[in-house]
Amino acid sequence: MAKSVLKIGSRGSQLALWQANWVKSQLEQKGFQVEIVKIKTTGDKILDVPLAKVGGKGLFVKEIEEALLRNEIDLAVHSMKDVPSELPEPLHLAAIPKREDPRDALISRRSLRLADLPSGAKIGTSSLRRQAQLWAYRSDLDFAMLRGNLDTRLRKVAEGEFEAIILAAAGLHRMGWSDRITEYLSTDISLPAIGQGALGIECRREDREVNQQIAFLNDPETACTVTAERALLIRLEGGCQVPIAGYATLSGEEITLEGRVATLDGREMLRERQRAPISEAARLGTQVAESLLGKGADKILKAVYEGGRPPAPGTP
Ligand SMILES: NCc1[nH]cc(CCC(=O)O)c1CC(=O)O
């Protein structure tokens, strides 16, 4: 029997609710009745510790997946970059809508561009990926932890706690805060996080009705690029808080994927870029990961996971 109301599970942050409401409106335009269920996740509760120190997987999705497994909700809307490489077996990503701008964005207090920030400028981010890549570009910058929701982070730079902060352009665009962006960071300087800018709609595999109802939201091109990026993450056995970056683009029938693994201090940066036919997106992600591992990515990631010093460049 058709469900009278579709229940969407979402974190309670402004950005997460914007994303959930966007999906809600798409479904309502198709004639469905929809309601949003706010669910607090571990990542929302622990705000005074860098996520890399919290450990664990799915800090922003676990509690929402548990609600799916208990049939309390019908679908979940996630930011893809927060979705771990493995999902609980009964669940899957049924749709990945069209990607927003995947780039990182610089918001600086005095509207200074990255290259013009004073030496030693204090930059706010809790992303090891952003920190490592920006240190590779400007080793004189000083990074400090920045947690909290988008509005909290923007307030902290406006109040002068930081000279600049780094955020995903996608989140700022969705919230209508594009005018706060000082500079879009080129992917040469800061390759995005895997899945950045993309949303993922998760539901129960066996729930045929919901899978059919949300299928229209899937964007095949975005699903293809995210598939390649996530295959890279899976083979590297990476989590969400690691200095791993991956970004895939399409040109005609071909997909290009670049992957990066860096030491926390940005002094060593492994890069690999390969192309393949679109139909081989997953294999491409695995291949790029294998190449990075062959260049020493496992040594770098082992040092990161052990919380130790990164291996000196060229360590056998
Ligand atoms: N947990 C952080 C997070 N997860 C998703 C986004 C941005 C939106 C997206 O990447 O789709 C953000 C904020 C940021 O990185 O600035």
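Bear in mind the structure is a predicted one, so any value in this text is a computation, not a measurement. All values below were derived from every heavy atom in this structure, side-chain atoms included, with hydrogens, water molecules and symmetry-related copies excluded. Atoms within a ligand are numbered from 1 in the order they appear, just like the ligands themselves.
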Suppose I only count heavy atoms of Ala168 and a 4.0 Å limit; which atoms of ligand 1 are within that range? 7 (C), 14 (C), 15 (O), 16 (O)
For Gly197, take its heavy atoms, then give the atoms of ligand 1 lying under 4.0 Å from any of them. 9 (C), 10 (O), 11 (O)
Phe60 neighbourhood, listing ligand 1 atoms whose heavy-atom distance to it stays under 4.0 Å: 1 (N)
So, regarding Arg11 and ligand 1 (criterion: nitrogen or oxygen to nitrogen or oxygen, under 3.5 Å), is there a contact or not? no
Atoms of ligand 1, numbered as shown, that sit under 4.0 Å from any heavy atom of Leu167: 16 (O)
Between Arg129 (side chain only) and Ala262 (backbone N and O only), is there a donor and an acceptor less than 3.5 Å apart? no
Geometry only, no angles: is Arg153 polar-contacting ligand 1 at N/O separations under 3.5 Å? no
Would a distance-only check, ignoring hydrogens and angles, find a side-chain to backbone donor-acceptor pair under 3.5 Å from Arg138 to Leu114? yes
Which is closest to atom 11 (O) of ligand 1 by heavy-atom distance: His173, Gln196, Arg174? Arg174
d(Asp140 CG, Leu117 CG) to nearest 0.5 Å is 9.0 Å
Contacts of Arg70 that satisfy salt bridge (charged side-chain N to carboxylate O under 4.0 Å, His left out) - sequence neighbours left out: Glu72
Lys/Arg-Asp/Glu bridge criterion (N-O < 4.0 Å) met for Lys38, Glu63: no
Under 3.5 Å between any N/O of Gln19 and any N/O of ligand 1: does that happen in this structure? no
Answer yes or no: does an N/O atom from Arg130 fall short of 3.5 Å to an N/O atom of ligand 1? yes
For the pair Arg155 and Glu161, find out whether any cationic side-chain nitrogen is under 4.0 Å from an anionic carboxylate oxygen. no
Backbone N or O of Asn71 within a donor-acceptor pair of the Asp207 side chain at under 3.5 Å? no
